[in-house]
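Everything on this sheet refers to the single structure shown next.
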Protein chains: 2
Amino acid sequence: MIQTNCFLKLHEIYSYMLALKHLRLIEALHDSGSITRAATRLYLTQSALSHQLVALEAHYGVSLFERARPLRLTPAGELLLALSREIMPRIDAAKRDLARLAEDNQPGKLRIAVECHTCYDWLMPAMDAYRAHWPEVEMDLVGGFHTDPVMLLDEDKADLVIVSEIGKHKGVVFSPLFRYEMLALMATAHPLASKPCLTARDFANDTLITYPAPDRLLDLVRRVLKPAGIAPERRQAELTVAIVQLVASRKGLAALPAWAVQSYLERGYVVARPITKRGLWSGLYTAARESDAVRAYHKDFVATLREQAFMTLTGIEPLD
Amino acid sequence: MIQTNCFLKLHEIYSYMLALKHLRLIEALHDSGSITRAATRLYLTQSALSHQLVALEAHYGVSLFERARPLRLTPAGELLLALSREIMPRIDAAKRDLARLAEDNQPGKLRIAVECHTCYDWLMPAMDAYRAHWPEVEMDLVGGFHTDPVMLLDEDKADLVIVSEIGKHKGVVFSPLFRYEMLALMATAHPLASKPCLTARDFANDTLITYPAPDRLLDLVRRVLKPAGIAPERRQAELTVAIVQLVASRKGLAALPAWAVQSYLERGYVVARPITKRGLWSGLYTAARESDAVRAYHKDFVATLREQAFMTLTGIEPLD
DNA sequence: TTTGTATCATGAATCATATTCCCGCAAGAT
DNA sequence: ATCTTGCGGGAATATGATTCATGATACAAA
């Protein structure tokens with residue numbers, strides 16, 4: 001027998017059935033177009049978001065989006081999306097202000113070192129976006145190739161370096177950015193273009209064109225050619241566009257990140273093929289001194305980096 | 001031995017360490033001037049808010065308010081207060097819109113009945129505040145005295161009644177508004193004014209001036225005089241101001257809510273004394289049909305009622 | 001000074017809720 | 001058909017928020 005409570009529970013009015021996480025959820029859902037993708041973006045599982053959604057929808061008795069592809073928000077969903085777009089920037093700004101107050105306005109410093117020039121492609125828009133939120137943080141780029149860029153942290157010559165591998169350095173913390181596929185580049189009429197994917201052997205009889213970097217940093221060499229005992233003729237070029245030009249001129253093959261050559265492929269300058277059947281995937285990480293990494297301006301930079309990368313680049317995947 | 005994690009936890013960026021509850025907390029703290037009072041206002045314990053506060057302060061490494069009376073917010077606290085003032089109205093509005101969408105825009109109806117005329121004092125500002133948020137809800141006042149106003153609900157002549165006692169009616173739910181003290185009113189030079197408080201006996205030799213209501217609704221009669229077997233001479237007046245005028249003119253004594261006579265006391269028209277040593281406290285509740293009470297527009301009205309009462313009236317206490 | 005009252009802080013226990021894990025189902029894609 | 005992928009939902013787990021019980025502190029009154 002159900003005993004109907006004779007009291008109206010007023011504290012429900014203050015219940016947080018509509019919470020900030022719900023707004024982020026709607027926004028991620030709208031931006032990414034699927035619960036699963038929204039989940040990885042929010043560092044949660046698909047199931048978690050599914051539960052959040054049904055709870056929210058049940059509480060207000062409305063459906064928020066149509067379960068069909070392409071995913072479309074209902075009017076109620078649009079309402080929350082608009083709310084989120086309006087409010088979240090204010091919340092985030094307040095968090096930054098709070099962090100600034102807490103650290104007594106002592107400004108941060110970000111001297112950034114990159115292992116490979118290609119990274120500038122997405123680093124620039126990210127730095128621009130970041131500058132808008134943290135104008136007082138002094139940003140600088142540390143130029144040149146470095147044998148071990150993580151050392152730059154110890155030597156206090158850089159505050160954040162972008163690396164392709166995580167190591168175990170004392171006092172240094174890493175953060176995954178994204179993973180991407182290395183594609184083999186060849187001239188449009190190249191005989192290998194008929195193969196769906198290339199193997200180590202395919203590189204044996206052609207010149208390999210690379211950045212001027214030690215083999216340790218060239219994923220193709222380190223993870224594919226060297227294990228197979230294949231050492232093709234080599235040639236170096238500083239800039240991505242130069243490498244692509246050499247490949248198009250039939251001077252040899254190259255292996256570059258998919259996102260770096262996307263535009264050249266679209267214009268048909270060269271063709272690209274996966275390396276090995278499953279593809280050659282690499283990752284990018286940030287590394288920083290732990291003492292810096294805990295600070296808000298720093299975390300926010302890494303987050304911006306990730307966010308901007310996913311917005312700017314195509315064909316990259318979440319990492320870790 | 002502590003193993004320092006070599007990864008930067010990025011999902012902390014999306015952590016809800018700054019949540020809506022924190023904004024409500026700051027606002028309640030600022031408005032009420034003490035953690036304890038803020039707690040009752042938010043239907044939580046003092047301890048809960050204290051924990052929330054230290055967690056928030058620890059997370060950002062700032063203090064939010066000075067632990068001294070009068071309570072004063074620090075710059076960080078002011079920051080959050082400003083954020084709250086800006087954002088919470090938008091959140092609340094969105095909740096209402098969501099509720100409207102869910103109920104397919106079928107507008108609500110609020111025919112309100114009150115047991116005692118005095119209630120209009122705080123009912124009016126509350127209704128005004130509510131109208132701004134729910135313009136489509138048709139509000140009406142059900143006039144006249146009623147022997148059992150809860151019956152008006154069954155008879156579908158009212159949708160919400162304000163009563164001084166909760167009963168057990170099928171399909172009717174109650175919600176506590178606030179409790180208040182009934183004060184004995186007397187002329188400034190009245191001999192009883194020398195006593196710190198009045199007892200039942202003190203009413204025996206004077207005329208008692210009341211509203212034209214059945215004894216059942218007059219707390220002084222029902223809970224003090226009748227149990228003591230004291231039945232003074234009686235006289236009635238419709239309006240609070242008229243009762244006060246009669247008392248000032250030495251026509252007798254009266255018992256009225258503290259908040260109803262506050263302004264007259266300040267101007268020295270009459271004097272007031274507690275009734276019995278611990279004072280005579282009464283409560284006010286809303287009653288409504290359960291089917292109505294679950295709907296958002298209705299809950300919101302009750303919440304507004306409470307809120308406005310605490311903002312408008314002095315000397316009232318949370319109830320239940 | 002003492003006593004009482006009110007407020008806040010704090011640790012432990014409890015309770016509530018959010019998230020994950022795991023599986024089934026349905027809808028394309030192969 | 002047979003995979004693959006994404007979603008929903010139950011049960012278990014992890015995380016967290018709230019309360020309870022208590023002690024410390026400040027202030028007012030005795």
Side-chain angles (χ1 to χ4, degrees), chain A residues 9-12 14-26 28-59 63-74 77 196 277-279 317-318 320, chain B residues 5 9-12 14-26 28-59 63-74 77 196 277-279 315 317-318 320:
Chain A
K9 280 170 238 145
L10 208 51
H11 67 264
E12 281 179 7
Y14 295 110
S15 86
Y16 302 99
M17 193 53 242
L18 182 57
L20 295 184
K21 68 173 178 182
H22 295 119
L23 298 187
R24 292 214 202 271
L25 164 58
I26 294 290
L29 212 51
H30 174 264
D31 292 353
S32 68
S34 106
I35 296 189
T36 308
R37 273 192 296 279
T40 67
R41 175 174 147 160
L42 296 175
Y43 299 93
L44 291 172
T45 61
Q46 169 269 320
S47 185
L49 293 202
S50 181
H51 282 294
Q52 288 185 7
L53 267 171
V54 295
L56 189 58
E57 291 184 329
H59 184 265
S63 110
L64 293 171
F65 72 98
E66 293 163 21
R67 265 70 167 175
R69 243 162 312 281
L71 175 151
R72 263 206 20 231
L73 294 178
T74 64
K277 210 156 44 188
R278 6 184 84 180
E317 293 286 323
D320 175 73
Chain B
N5 194 334
K9 280 170 235 144
L10 208 51
H11 66 266
E12 281 178 7
Y14 294 109
S15 87
Y16 301 99
M17 193 53 240
L18 182 57
L20 295 185
K21 68 172 177 183
H22 295 121
L23 298 187
R24 291 214 203 271
L25 163 58
I26 294 289
L29 212 50
H30 174 263
D31 292 353
S32 67
S34 106
I35 296 188
T36 310
R37 273 191 296 278
T40 67
R41 175 175 147 161
L42 296 174
Y43 300 93
L44 291 172
T45 61
Q46 168 268 320
S47 183
L49 294 202
S50 181
H51 280 295
Q52 288 185 7
L53 227 16
V54 296
L56 189 59
E57 291 184 330
H59 185 265
S63 109
L64 293 171
F65 71 99
E66 294 162 22
R67 265 70 167 174
R69 243 159 314 282
L71 175 150
R72 264 205 19 231
L73 294 178
T74 64
K277 209 154 43 187
R278 11 184 81 181
E317 293 285 325
D320 175 73

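Below, read A as the first sequence line, B as the second, and so on, with proteins coming before strands; counting in each chain starts at 1.
The distance between atom CG of B:L71 and atom P of C:dA6, rounded to the nearest whole Å, is 19 Å. Between A:E317 atom CD and D:dT5 atom C1' there is a gap of 13 Å when expressed in whole angstrom units. The distance from atom NE2 of A:H59 to atom C1' of C:dA18 is 16 Å, rounded to the nearest whole Å. When the C1' atom of D:dC20 is taken as reference, atom CG of B:L49 falls 15 Å away, rounded to whole Å. Residue B:I35 contributes atom CD1, which lies 9 Å from atom C1' of C:dA9 at whole-angstrom precision. Atom P of nucleotide D:dT13 and atom CG of A:L44 are separated by 20 Å, given to the nearest angstrom. When rounded to the nearest whole Å, the span between OH of B:Y14 and P of C:dA18 equals 20 Å. In this entry the distance linking NE2 of A:H22 with C1' of C:dT17 reads 11 Å, nearest Å.
For the pair A:R67 and A:E57, the salt-bridge criterion is met [side-chain N within less than 4.0 Å of a carboxylate O]. Taking 4.0 Å as the cut-off between side-chain N and carboxylate O, A:D31 and A:R37 do not count as a salt-bridged pair.
Between C:dT7 and B:Q46, no contact under 4.0 Å exists linking OP1 or OP2 to a side-chain N or O. Listed pair B:R67 / C:dA9 meets the phosphate criterion, a side-chain N or O lying under 4.0 Å from OP1 or OP2. Regarding contacts with the backbone of C:dT19, every side-chain N or O of A:T45 stays at 4.0 angstrom or more from both OP1 and OP2. In terms of phosphate contacts, B:K21 brings a side-chain nitrogen or oxygen within less than 4.0 Å of OP1 or OP2 of D:dT18. Between B:Q52 and D:dT18 there is a side-chain polar atom (N or O) within less than 4.0 angstrom of OP1 or OP2.
Mapping A:G33 and A:Y16 onto DNA chain D by nearest heavy atom places A:G33 closer to the 5' end of the strand.
Within the 4.5 Å cutoff, the side chain of B:H30 has heavy atoms near those of the B:L73 side chain. Between A:Y16 and B:R24, the closest side-chain pair of non-hydrogen atoms falls below 4.5 Å. Between A:L49 and A:Q52, some side-chain heavy-atom pair lies under the 4.5 Å cut-off.
Residue B:S47 places no side-chain atom within donor-acceptor reach of the base of C:dC8, judged by atom type and a 3.5 Å distance cut-off alone. Residue-to-nucleotide contacts include a donor-acceptor pair under 3.5 Å from the side chain of B:H51 to the base of C:dG11.
Proximity note for B:T36 (side chain, C-beta onward) versus C:dC21, C:dC8, D:dA17: the nearest is C:dC8.
Looking at heavy-atom distances under 4.0 Å, A:S34 makes contact with sugar-phosphate atoms alone, never a base.
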